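Lettering of chains follows the sequences in order, A, B, ..., and the numbering in each one begins at 1. From a predicted model like this one, the values you see are computed outputs, not experimental measurements.
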Number of protein chains: 2
Amino acid sequence: MVKESVAVIGSVYRGSVAARIAGQNALEKTDLFERDVPMWVFQEQVEGRNLTDIINEKHENVKYLPGAKFPENVIANPDLIDTVKNATLLIIVIPHQFLPKTLAALKGKINPNARAVSLIKGVEVVGADINIFAKVIERELGIRCSALSGANIANEIALEKFSETSIGYADRKDGEIFQKLFDRPYFRVSIVEDVEGVSLCGAMKNIVAIACGFNDGLQWGDNTKAAIMRVGLLEMKRFCQEFFPSCKDATFVEESAGVADLITTCLGGRNRKVAAAHAETGKPFEQLEQELLGGQRLQGTGTAKEINEYLTHKGKVDDYPLFKTVYEIAFENKPAKELTSRL
Amino acid sequence: MVKESVAVIGSVYRGSVAARIAGQNALEKTDLFERDVPMWVFQEQVEGRNLTDIINEKHENVKYLPGAKFPENVIANPDLIDTVKNATLLIIVIPHQFLPKTLAALKGKINPNARAVSLIKGVEVVGADINIFAKVIERELGIRCSALSGANIANEIALEKFSETSIGYADRKDGEIFQKLFDRPYFRVSIVEDVEGVSLCGAMKNIVAIACGFNDGLQWGDNTKAAIMRVGLLEMKRFCQEFFPSCKDATFVEESAGVADLITTCLGGRNRKVAAAHAETGKPFEQLEQELLGGQRLQGTGTAKEINEYLTHKGKVDDYPLFKTVYEIAFENKPAKELTSRL
């Protein structure tokens with residue numbers, strides 16, 4: 001049997017967590033995986049030194065995952081093409097806005113027999129077209145791409161607290177090899193033949209988390225919050241099954257990527273937090289992104305806008321009252337207290 | 001059309017909330033309901049006066065729901081039989097340990113055409129027999145009984161914060177009349193032909209809340225908590241459908257009584273709180289019930305014990321690893337940190 005060779009594209013928060021897990025398994029499962037796990041790092045300077053040099057000396061991403069040591073076989077590399085040159089398994093975990101440029105650079109430079117797994121959140125919407133990023137990767141690189149998503153707050157996994165995740169696959173063999181690559185005693189991986197459901201849950205939960213943030217900012221309590229999550233889960237499921245008919249019921253109800261990730265994201269997380277601040281203060285989201293996130297964009301409002309654009313093209317905005325209301329509150333000055341008016 | 005006459009059996013916390021809602025609707029929907037809503041109150045003295053006298057003077061249950069005014073048509077009555085003498089709709093909302101005595105007193109004293117709705121939590125287990133309390137009421141009183149359950153923290157509903165609930169019915173007409181009796185702009189009622197699913201969710205969620213309390217006491221974080229809730233929902237659904245085959249999928253996934261109530265109960269509530277204290281301090285539950293609940297018994301540990309007894313009789317304990325582990329931690333000195341060992 002030929003061993004698989006792993007490369008990680010991305011190193012910020014979840015990228016470092018993924019590299020750490022893959023590195024641990026590559027060290028132990030020597031019959032399956034080559035020892036070294038290169039990790040592409042967008043080069044930056046930390047206290048006057050290259051971040052890659054610090055990572056390779058300290059075996060720790062001091063900037064984006066401080067406190068969690070990498071196994072020594074995880075090797076930071078600032079050169080994207082050099083990182084992937086031997087890879088048969090690609091873990092892609094970068095913010096979605098950097099994906100087009102990264103894929104353009106990778107095109108023709110990867111092993112044509114490689115398979116990828118996407119940990120990227122969000123969806124690509126262009127007018128009446130909607131795509132998950134696993135499909136974008138397949139389209140641009142010409143290789144199969146699975147998706148990994150679940151109730152996975154990065155710093156809890158870095159501390160090796162018990163978590164679960166889901167991998168959606170199109171080809172079962174891909175699901176199985178990525179399961180072996182990621183499964184740890186503290187990180188249980190289940191696989192399901194549903195790339196789209198797993199990916200879409202990871203995107204749409206953030207819209208529901210925005211709604212839960214409004215709830216928390218208005219101090220409406222746990223009954224209302226649970227109602228929002230219930231309606232949110234149903235709208236997620238309905239949307240996915242209307243526009244991606246292959247999505248499976250079980251992904252929403254039984255998978256970590258479904259109900260469990262929704263719960264985690266609605267309990268904590270930045271989407272919930274910034275939306276709570278919006279409901280409390282009335283400040284626009286752009287201002288709060290500056291004040292609370294140093295200018296980083298919020299996933300949930302972005303996805304709410306994209307889904308609204310898509311549903312508008314399809315003439316179906318009114319079929320998704322929670323998504324519609326979140327969009328109107330975030331982008332059309334509707335008061336947050338009208339959140340439950342359509343539920 | 002003959003008007004329905006409502007009576008509420010119970011006045012502690014949720015009993016007062018139910019009477020308040022029913023009273024508001026009886027005042028407005030004069031074509032459907034008789035004006036007065038008598039509420040049976042187990043008589044006790046508050047500052048030297050009968051609690052019923054205080055309620056009827058102040059229109060407020062100063063002991064069990066302070067701060068929320070009843071409409072004037074809710075009338076406290078210390079005499080159980082006098083309370084129900086005209087009733088065609090009975091709302092039964094008492095702690096389950098008082099049910100046998102109450103039903104024995106009611107037998108032969110109610111309108112034989114009355115219909116009931118049970119808001120009682122828990123299940124009746126006698127060896128290899130398991131019953132929901134709606135069925136116990138039907139058996140003892142010879143009338144049909146629906147069940148109401150949902151993400152319904154009493155004091156949030158008393159403040160008229162937005163909530164949802166579910167009514168499970170066997171006869172659709174019963175579901176519809178109870179929906180009219182309970183539905184308010186701040187309290188949305190859905191009805192589903194599944195008395196057993198609605199009732200059982202209301203009982204079994206408390207076992208999962210105990211597990212979430214262990215998680216919180218051990219400071220394991222939100223990933224693990226979401227995993228526990230995911231597994232808990234699946235075990236609830238599997239148990240119900242194995243032993244009550246008429247239970248519907250939708251009750252667990254789409255109803256407030258299912259996933260939403262599970263969420264609310266696992267976020268807050270006494271089951272979660274006392275279990276967290278157990279995991280933190282190692283004190284036995286009986287001691288914590290004394291210290292934190294003034295000797296009141298916890299629902300979740302009681303239900304875990306009953307379900308364990310039932311599953312033991314059926315030879316199926318190992319099919320429900322989360323339920324089994326919660327039982328062992330609560331009653332057999334298993335350390336709480338082994339909670340995830342079987343997940």
### Which atoms of B:Leu159 approach chain A - backbone, side chain, both or neither, heavy atom under 4.5 Å
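Interface part for B:Leu159: neither.
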Quick check for you: to the nearest 0.5 Å, what is the distance between [X] atom [atom1] and [Y] atom [atom2]?
X	Y	atom1	atom2	value
B:Ile157	A:Thr224	CD1	OG1	9.5 Å
B:Glu156	A:Lys225	CD	NZ	11.0 Å
A:Lys237	B:Glu254	NZ	CD	5.5 Å

Out of [options], which one racks up the most heavy-atom pairs below 4.5 Å with chain A?
options	result
B:Ala226, B:Gly269, B:Pro185	B:Ala226
B:Phe252, B:Tyr186, B:Trp220, B:Phe162	B:Phe162
B:Gly258, B:Gly268, B:Ser256, B:Ala151	B:Ala151

Options [options], ranked by heavy-atom pairs under 4.5 Å with chain B, top entry:
options	result
A:Thr340, A:Thr165, A:Asp249	A:Thr340
A:Ala260, A:Cys266, A:Gly150	A:Ala260
A:Met229, A:Lys161, A:Glu255, A:Arg230	A:Arg230
A:Asp261, A:Leu234, A:Leu343, A:Thr265	A:Leu234

message: Using modelled atom types and a 3.5 Å cut-off, is there a donor and acceptor pairing between side-chain atoms of B:Asp222 and backbone atoms of A:Thr264?
response: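 No; zero donor-acceptor contacts below 3.5 Å.
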More than 12 foreign heavy atoms under 6.0 Å from [atom1] of [X]: is that the case here?
X	atom1	answer
A:Gln219	CD	no
B:Lys69	NZ	yes
A:Lys273	NZ	no

Does any heavy atom of chain B fall under 4.5 Å from the side chain of [X], the backbone, both, or neither of them?
X	answer
A:Val259	side chain
A:Leu262	neither
A:Ile153	both

